Amino acid sequence: MKTIDQVIRLNYTRLSESIQAELKFLSELSEITDDERFRQSIVEVIYHLNDLSDAINLQRRYLSPRG
């Protein structure tokens with residue numbers, strides 16, 4: 001079970017890092033676009049990615065502690 005927890009924890013870490021990179025990209029993109037509708041769409045995606053990131057972090061907390 002410890003090995004499974006480690007694999008899951010590593011996967012959550014990778015997902016979290018990917019989401020953070022995407023959030024940075026979208027934030028930068030929203031700053032340079034002149035299209036307000038497109039910018040609003042980006043803001044909505046950022047909002048949902050933040051929710052997903054929060055859910056992943058919560059799941060990581062419920063994994064068995066490292067030991």
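Remember, predicted model here, so these are calculated numbers, not experimental data.
- The cluster map of Ile, Leu, Val, Met, Phe, Trp and Tyr, joined by side-chain heavy atoms under 4.5 Å apart, puts Val43 and Leu52 in different clusters.
- Both Val45 and Ile32 are part of a single hydrophobic cluster, where members link through side-chain heavy atoms under 4.5 Å apart.
- Distance check: Glu28 CD to Thr33 OG1 gives 14.0 Å after rounding to the nearest 0.5 Å.
- The CD atom of Glu17 lies 9.5 Å from the CG atom of Leu15; values are rounded to the nearest 0.5 Å.
- Residues Glu31 and Ser27 have side chains in contact (heavy-atom distance under 4.5 Å, counting atoms from C-beta outward).
- Taking every heavy atom of both residues into account, Ile19 and Ser53 meet most closely at CG2-CB, 4.0 Å.
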Using salt bridge (charged side-chain N to carboxylate O under 4.0 Å, His left out), reason through Arg39 and Glu36 one step at a time and then give a plain yes or no.
CA-CA 5 Å; Arg39 183 179 289 131; Glu36 188 57 37; 2.9 Å; yes
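- One finds the OH atom of Tyr62 at 15.0 Å from the CG atom of Asp5 (value rounded to the nearest 0.5 Å).
- Counting heavy atoms from C-beta outward, Leu49 and Leu26 have side chains that approach closer than 4.5 Å.
- For the residue pair Asn57 / Arg60, a side-chain donor-acceptor distance below 3.5 Å is found, with atom types taken as modelled.
- If you take OG on Ser18 and CG on Leu23, they are separated by 11.0 Å, rounding to the nearest 0.5 Å.
- The line from CZ of Arg9 to CZ of Arg14 is 14.0 Å long, rounded to the nearest 0.5 Å.
- A 4.5 Å side-chain heavy-atom check between Gln6 and Leu10 finds every atom pair outside the cut-off.
- In this structure, Thr13 OG1 and Ile8 CD1 are separated by 11.5 Å, a value rounded to the nearest 0.5 Å.
- Linking ILVMFWY residues whenever their side-chain heavy atoms come closer than 4.5 Å, directly or via other members, leaves Tyr47 and Leu58 in distinct clusters.
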